[in-house]
Amino acid sequence: MRQRLAARGITLPEGPLGVGAYGDSAALSQSLIALIRSGRKRAGTALLWACEHDGDALPVVGELEVVVDHLDEPALLTRSTRVHVCPFDAVDDAYAAVEGEGDGTLAYWCAGHWEFFTRECARIGRTPTLQMPVVCCEFELLVDFAAELGDPPAPTPRCPG
C-alpha cells in the first residue's frame with residue numbers, strides 16, 4: 001500500500017500499517033467513510049470471530065490504517081488511539097456516541113451492529129449472541145486522501161431517524 005500511495009505522490013508516516021474497510025456494501029462503505037470525513041465517526045467495531053476466521057490481526061494502539069473504499073481505493077489514513085475487546089452487550093453509551101452512527105445512541109448502535117454482525121456470523125458459520133466478542137477501536141483521522149489528491153468530496157450521508 002505504501003508504494004501504491006507513493007505512486008500517487010503520498011508518503012505515509014513510518015510505523016505499523018494496516019489496510020481495512022468499513023461496511024459490507026458499497027452504500028454502507030460510502031456512508032461510513034463520509035461520517036469519518038465529517039468528524040462525527042471516530043471509532044469502528046469488528047466482530048472478533050470474523051477477524052479470527054479471516055486471519056486478520058487485531059488493531060493496536062498507534063497503528064496506522066489505510067481505509068479503502070468499496071472499490072478498494074485508498075480513502076483515509078487513521079491512527080488507532082484505543083482498542084479493547086468486550087462482549088456485544090457490554091458496549092456502552094459513551095462508545096456508541098464516539099462511533100457516531102445514526103443518532104449516536106446506544107440503541108441505534110445496537111440495532112445497526114446487530115444486523116451487521118448477524119450477516120458476519122452467517123458468513124463465517126456462527127450464531128450471533130449478546131455475548132459475542134467485539135473489537136472496539138477508537139481512532140483519529142490523519143489524512144483524507146480525496147482532499148490530498150484534489151478529488152471532490154463524497155456526499156454526506158443522510159441517516160434514517
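One-based numbering along the sequence shown. The figures here come from the full heavy-atom set of this structure, side chains too, leaving out hydrogens, waters and symmetry mates. Quick caveat: nothing in here was measured; it's all calculated off a predicted structure.
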(message) Holding to salt bridge (charged side-chain N to carboxylate O under 4.0 Å, His left out), I want the full list of residues that pass it with Glu138, two or more places apart in sequence or in another chain.
(response) Arg82
Hey, does the side chain of [X] reach the backbone of [Y] with a donor-acceptor pair shorter than 3.5 angstrom?
X     : Y      : value
Thr45 : Cys136 : no
Arg42 : Ala97  : no
Ser29 : Ala26  : no

(request) Can you measure from CG (Leu141) to CZ (Arg37) and round to the nearest 0.5 angstrom? (result) 9.0 Å
(request) State the CZ-CD1 distance between Phe139 and Ile36, to the nearest 0.5 angstrom. (result) 4.0 Å
For [X] against [Y], the heavy-atom pair lying closest together:
X      : Y      : answer
Glu65  : Gly20  : OE2-CA, 3.4 Å
Cys121 : Met132 : SG-SD, 4.2 Å
Val91  : Cys86  : CG2-SG, 3.9 Å

Name all residues meeting the side-chain hydrogen bond (donor to acceptor under 3.5 Å, both in side chains) criterion together with [X]; count only those two or more places apart in sequence or in a different chain, and write none if there are none.
X      : value
Asp54  : Arg123
Thr129 : none
Asp24  : Arg119

(message) Using the rule given for side-chain contact (heavy atoms from CB on, under 4.5 Å), can you reason through Leu130 versus Trp114, listing the C-alpha separation, both sets of side-chain angles and the distance that settles it, and then say yes or no?
(response) CA-CA 9 Å; Leu130 291 175; Trp114 185 262; 4.0 Å; yes
(request) Using the six-membered ring wherever Trp is involved, compare the ring planes of His113 and Phe117 and label them parallel, tilted or perpendicular (cut-offs 30° and 60°). (result) tilted
(message) Is there a continuous path of hydrophobic side-chain contacts, each under 4.5 Å between heavy atoms, that joins Val19 to Phe145?
(response) yes
(message) Let me check something: do Val66 and Leu142 share a hydrophobic cluster, defined by ILVMFWY side-chain heavy atoms less than 4.5 Å apart, either directly or through other members?
(response) yes
(request) Evaluate side-chain contact (heavy atoms from CB on, under 4.5 Å) for Tyr108 paired with Glu101, printing each intermediate quantity in order. (result) CA-CA 8 Å; Tyr108 188 97; Glu101 296 176 26; 4.1 Å; yes
Side chain to side chain contact (heavy atoms under 4.5 Å, CB included) against [X], all qualifying residues, sequence neighbours excluded:
X      : result
Cys110 : Phe88, Leu106
Ser25  : Ala27, Leu28
Asp92  : Ala94, Tyr95

Pair up each side-chain donor or acceptor in residues 70-79 with any protein partner under 3.5 Å, not counting sequence neighbours, and list the distances.
{"from": "Glu73", "atom 1": "OE2", "to": "Arg4", "atom 2": "NH2", "distance (Å)": "3.3"}
{"from": "Arg79", "atom 1": "NE", "to": "Glu140", "atom 2": "OE2", "distance (Å)": "3.0"}

(message) Per the ring pair (Phe, Tyr, Trp, His ring centres under 6.0 Å) rule, what does the pair list look like for residues 14-56, sequence neighbours excluded?
(response) none
(message) Could you list the cluster mates of Leu58? Members are the ILVMFWY residues connected by side-chain heavy atoms closer than 4.5 Å, either directly or through other members.
(response) Leu48, Val61, Val83, Val85, Val135
